[in-house]
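What follows is a short report on a single structure.
When reading the values below, keep in mind they use all heavy atoms of this one structure, side chains included, and skip hydrogens, waters and symmetry mates. The chains referred to below are lettered A, B, ... by the order of the sequence lines, with proteins before strands, and numbering in each begins at 1.
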There are 2 protein chains.
Amino acid sequence: MKTRTRILQATLNLLEASQGVGGKGVRMSDIATQAGISRQAVYLHFANRAELLIETTYYLDRLKDTEARLAASRSAETGVKRLNAFIEAWGSYIPEIYGTLKALMAMKDTDPEAAEAWNKRMQDMREGCEAAIKALHRDKTLSPDYKPDLATDILWTMLSVRTWEHLTTECGWPQTAYIKHMKALAQKVFVASA
Amino acid sequence: MKTRTRILQATLNLLEASQGVGGKGVRMSDIATQAGISRQAVYLHFANRAELLIETTYYLDRLKDTEARLAASRSAETGVKRLNAFIEAWGSYIPEIYGTLKALMAMKDTDPEAAEAWNKRMQDMREGCEAAIKALHRDKTLSPDYKPDLATDILWTMLSVRTWEHLTTECGWPQTAYIKHMKALAQKVFVASA
DNA sequence: CAATTAACTTGACACCGTGTCAATTGACAG
DNA sequence: CTGTCAATTGACACGGTGTCAAGTTAATTG
């Protein structure tokens, strides 16, 4: 296994682990140790912490095959099915990548590159929301209370990582409840009542 | 003006200002300079950065008279009015305290005392949500789709600082839109359709 | 008036984590 | 044998927090 990959994998392991327990920041030296190399050697592969974190998210995407997951929602026939499939896909994806996303979120406040990477990811996610809302709109099943743009903003916010974090961590919802209630809520809010 | 108060006021000014522009962390030395004293002197009044931040939030509460604001929602006759009054009161309060809350949020990830202070605040806020939902429940106007506990969780999440942050910063909603749409959304989700 | 006390100042320093640099080692390839 | 690549070691700068000791200043009090 290439050293670069070992570093990425080590980062992933540590972010995953620290998220559950202490939650305190994973250091470059921790990552190096876990990867079995010296701290300085990490910098032979990644310019800085921000770059490493960003590359780790790409590595994760490859591992989890993000694209394939979202394909399901794209092929749904009706707008309602598409909305549900998207919530299911994205909602199930969050817990798998949460550790890494959390580190990126923390970093975006101080590092402009991290902020950009984060924004790009969230913008991609927004497109998924927009597509689901537009599918409803074409089906004439979008609630007349909302124009597509507004509905997209609200859905995007509902499905944000922060919202997931709040419901599962602060409210203690199990993952299954999150998916279930989010689907129901989206239905109630966005789908025109028959 | 007592030095302690000057420090608190300086902290407030800087948090308010940095939130709008750079957003980068306000340092102890910045606060000291702004208060017109030496960096070390700050530690004569506050044990550490976390304590200073926490005390600053209390200072803010006193300045803004938080209690009085929430009184309005408590005196509403109907559940629906209470819900609206609470959204109005809390929703208008957030932008006034956002700078300070943001600093506290950032700190809670590393400092256990800050985490506790944050949780306490959010728990207080949750009580406001719970009271509004219970008022709906007593009026028999709570949507049959939700038990009070579940509705409280959802309202609490909807009105969280993170949600406000997302809608105003990421989606670019003006404050007026935030209040308007939150009221409408809460109505739609929680109030039983006549 | 002299002594004390509280609030603050200055300068120095330890600790941590990030990032950099120079010199060195070991392995493998032509 | 020589060059090169990947990694190692040790040292160091920087920024931010927090601590400590010694000195100043002004008000308080016997």
Closest to the side chain of A/Arg39, out of C/dT20, C/dT9, D/dT17, is C/dT20
Winner on side-chain proximity to A/Asn48, out of D/dG18, C/dG19, D/dA7, is C/dG19
Ranking B/Met28 and A/Gly36 by the position along DNA chain D of their nearest nucleotide, the one closer to 5' is A/Gly36
inquiry  = Within the 4.5 Å heavy-atom criterion, are B/Asp145 and B/Leu150 side-chain neighbours or not?
reply    = no
| Salt bridge or not for B/Arg126 and B/Glu130, using N-O below 4.0 Å? | no
**Item:** CD (A/Glu116) with more than 12 external heavy atoms under 6.0 Å
**Value:** no
To the nearest angstrom, the CD1-C1' distance between A/Ile7 and D/dA7 comes to 11 Å
Note: A/Ile7 and A/Phe46 closest approach over all heavy atoms is CG2-CE1, 3.7 Å
Of the candidates C/dT9, D/dA7, D/dT17, the side chain of A/Thr3 sits closest to D/dA7
To the nearest angstrom, the CZ-C1' distance between A/Arg49 and C/dC16 comes to 13 Å
query = Would you call A/Glu67 and A/Arg62 a salt bridge, taking side-chain N to carboxylate O under 4.0 Å as the test?
reply = no
Close N/O contacts between protein and nucleotides 20-28 of chain D (under 3.5 Å):
none

Here the distance between atom P of D/dT17 and atom CG of B/Leu52, to the nearest Å, is 11 Å
Of the candidates D/dT9, C/dT9, C/dT18, the side chain of A/Ser38 sits closest to D/dT9
Under 3.5 Å, is there a donor on one side chain and an acceptor on the other for B/His166 and A/Ser160?
no
| message | Please confirm whether the shortest side-chain N or O distance from A/His45 to OP1 or OP2 of D/dA6 is below 4.0 Å. | response | no
Separation of C/dG17 atom C1' from A/Leu53 atom CG, nearest Å, is 15 Å
Testing C/dT9, D/dT17, C/dT18 for proximity to the side chain of B/Ile37, the answer is C/dT9
Those residues at least two apart in sequence (or on a different chain) that pass side chain to side chain contact (heavy atoms under 4.5 Å, CB included) with B/Asn13 are B/Gln9, B/Gln34
